[in-house]
Amino acid sequence: MKQVNMKEQLKLSFIYTATAAFTPIFQVLIQPVYEGSGRLDAVDFSHLAITELFTSLIFAFTLYGMGNAIARFYYDVEEGTPQYKKLISGIFSSILFRGLVAFFIAFLFRDYIGRLFNQPELQDFSSYGFACLVTGLGRAINTTAAALFRNEKKVLAFILVSMGLGVFRTGFQLIGLFFFDMSFIGYIQGSAIGTGIITLLILIYVFRKAGLSYDRKMMKPVNSFAFPLMQYSLIVWVLTYADKFLLERYPVDLGIYNTAVTFGAGIAIVLQGLQGANQPEVFRAMKGGITSNQSEIRMLSNSLLMQSMLIIIGAILPVMLYLTVLYETDVRLAANLISLVFARSILRTQFIVFSYPSYFLKKTRIFLYLNTVGTVVNIALNYILIPKYMFYGAIASGLIADLIMVAGIYWYQKRITEIKWNKMKLLYFPLGVVAFIVVADFIRVEAGISPYITSSFVTLFTFIGMVWLYRNEIMKVIKKARK
């Protein structure tokens with residue numbers, strides 16, 4: 001098998017990560033523009049949290065795991081052949097069909113959905129719900145197109161799609177807020193228009209290239225592969241938004257918590273870009289033989305976790321400072337939660353690494369089982385802890401659920417492969433960092449210490465540990481960069 005070009009891999013990682021980071025960073029940069037006196041406050045941010053709840057549900061349902069499916073089945077067909085065109089067209093056509101189904105269901109039950117909420121502004125679902133549908137469907141199309149372009153190594157197309165979405169969505173959000181309605185209504189309707197424009201351009205490109213068709217025979221194994229992933233996505237949606245639904249009756253707390261989670265989601269999107277560059281290389285190594293190419297698989301996995309932790313921990317203090325300096329309302333208190341919220345991304349990156357064998361071997365049903373258990377635990381803990389501990393209860397519930405999922409996927413991959421992972425790098429040290437963050441924040445709350453002090457200790461502990469643990473990889477990168 002051809003050896004992995006580490007320098008090329010790092011170059012692609014940087015490009016994909018920087019591109020994926022553009023939209024969330026852009027979104028964060030403009031938040032202070034519409035937050036403050038006479039603009040949006042913590043209560044308004046709680047409304048945005050609920051609109052994102054609906055948008056993400058539509059995204060999970062319409063995507064149906066097709067981002068992962070197109071990344072996997074791309075390697076089963078030759079690019080440019082009729083089979084390839086049928087695969088691409090079938091995947092995008094199926095997303096559009098599920099979008100129509102979602103619109104129909106939302107229209108039928110629009111009056112009942114609004115009754116789920118306590119805040120009067122959220123009870124009129126028609127005023128914001130269909131904009132959420134457009135945004136969620138567009139996000140599914142964009143995600144699938146980005147996965148296709150990554151695996152085709154069409155870097156320019158990936159950049160145009162990803163950055164175009166960020167510019168149009170953010171631009172129309174501002175137009176909606178300042179020229180239509182300074183509320184969550186103006187925000188979500190602007191988001192729908194901006195996302196819709198990019199989605200339409202993607203669909204024109206795809207269907208001109210691959211035609212408009214749906215081959216049921218070809219799509220049957222694709223749907224079988226993707227169905228557990230869709231179930232997994234819906235369960236992850238519950239894991240992600242059960243806390244926000246239960247916090248909805250406490251608008252200020254939800255607004256503060258959701259702001260911290262929004263920054264965490266921005267980090268997660270950046271990491272998705274990193275994972276997007278890493279995944280094709282891991283799959284290529286696995287295609288040559290998992291057992292015979294263990295060294296390449298381990299190297300790529302170690303590299304992913306190392307780069308991810310650098311981004312996660314390195315972002316904590318700058319994000320806290322950004323919130324403290326530029327925000328005016330209670331929303332700025334989200335700075336106290338950043339280290340805990342970001343810790344979940346460490347666990348999720350571990351989950352991604354240990355999931356690679358299951359994805360490649362098409363053993364995706366395990367995700368349904370793992371996430372069902374995680375969901376039950378998460379909902380139960382949220383129900384018990386949120387009324388007493390508010391957003392701290394939500395954070396604790398998420399961390400425990402994520403930890404259970406990491407333990408489960410690690411145990412399962414040991415059953416289906418014989419990869420000899422470096423446990424200190426991939427398992428023990430990352431978990432130690434998460435534990436350090438939790439203990440440090442507990443001490444902060446009990447002793448009334450500044451969050452900047454505890455977060456500085458977290459950053460120092462992590463970076464010293466990483467320099468020692470990854471010293472060989474760091475030296476290799478430095479040597480290759482000099483060539």
I want to check something: taking the side chain as every heavy atom from C-beta on, are [X] and [Y] in contact at a cut-off of under 4.5 Å?
| X | Y | value |
| --- | --- | --- |
| I58 | C132 | no |
| T262 | Q31 | yes |
| L300 | L304 | no |
| I379 | L246 | no |

Ignoring hydrogens and geometry, is there a side-chain-to-backbone donor-acceptor pair from [X] to [Y] under 3.5 Å?
| X | Y | value |
| --- | --- | --- |
| W237 | L53 | yes |
| N223 | M219 | yes |
| Q413 | Y410 | yes |
| R169 | G166 | no |
| N382 | N378 | yes |
| K244 | T240 | yes |
| N293 | G288 | yes |
| T454 | P451 | yes |
| Q350 | L426 | yes |

Please check if any side-chain donor atom of [X] sits under 3.5 Å from a side-chain acceptor atom of [Y], or the reverse.
| X | Y | value |
| --- | --- | --- |
| Y383 | D243 | no |
| T329 | E35 | yes |
| R98 | S94 | yes |
| S56 | Y241 | yes |

Please give me the minimum heavy-atom distance between [X] and [Y], naming the atom from each residue.
| X | Y | value |
| --- | --- | --- |
| I290 | I297 | O-CD1, 3.8 Å |
| V434 | A343 | CG2-O, 3.9 Å |
| G67 | T144 | N-OG1, 4.2 Å |

What do you reckon, are the aromatic ring centroids of [X] and [Y] less than 6.0 Å apart?
| X | Y | answer |
| --- | --- | --- |
| F184 | Y34 | no |
| W421 | F354 | yes |
| F26 | F22 | yes |

Aromatic plane relationship, Y327 with Y322 - under 30° parallel, 30 to 60° tilted, over 60° perpendicular: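 Perpendicular.
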
Criterion salt bridge (charged side-chain N to carboxylate O under 4.0 Å, His left out) on E52 and R139, from CA distance to verdict: CA-CA 12 Å; E52 182 58 28; R139 191 180 297 175; 2.8 Å; yes

Stepwise side-chain contact (heavy atoms from CB on, under 4.5 Å) check, D44 with D41: CA-CA 5 Å; D44 295 304; D41 58 16; 3.0 Å; yes

Any residue meeting ring-ring contact (aromatic ring centres under 6.0 Å, His included) with F61, in chain and number order, not counting sequence neighbours: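 Per chain and number, F61 pairs via ring-ring contact (aromatic ring centres under 6.0 Å, His included) with no residue.
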
Nearest-0.5 Å distance, CE of residue M306 to OG of residue S301: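 Answer for the CE-OG pair, M306 versus S301, is 12.5 Å.
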
All salt bridge (Lys or Arg N to Asp or Glu O under 4.0 Å) counterparts of K414, not counting sequence neighbours: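 Listed in chain order: nothing, the list is empty.
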
Near [X] [atom1], under 6.0 Å, is it more than 12 heavy atoms from other residues, nucleotides or ligands?
| X | atom1 | result |
| --- | --- | --- |
| Y452 | OH | yes |
| F442 | CZ | no |
| E418 | CD | no |
| F457 | CZ | no |

Qualifying salt bridge (Lys or Arg N to Asp or Glu O under 4.0 Å) pairs, either residue in residues 389-404, two or more places apart: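 The answer is R344-D402, R348-D402.
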
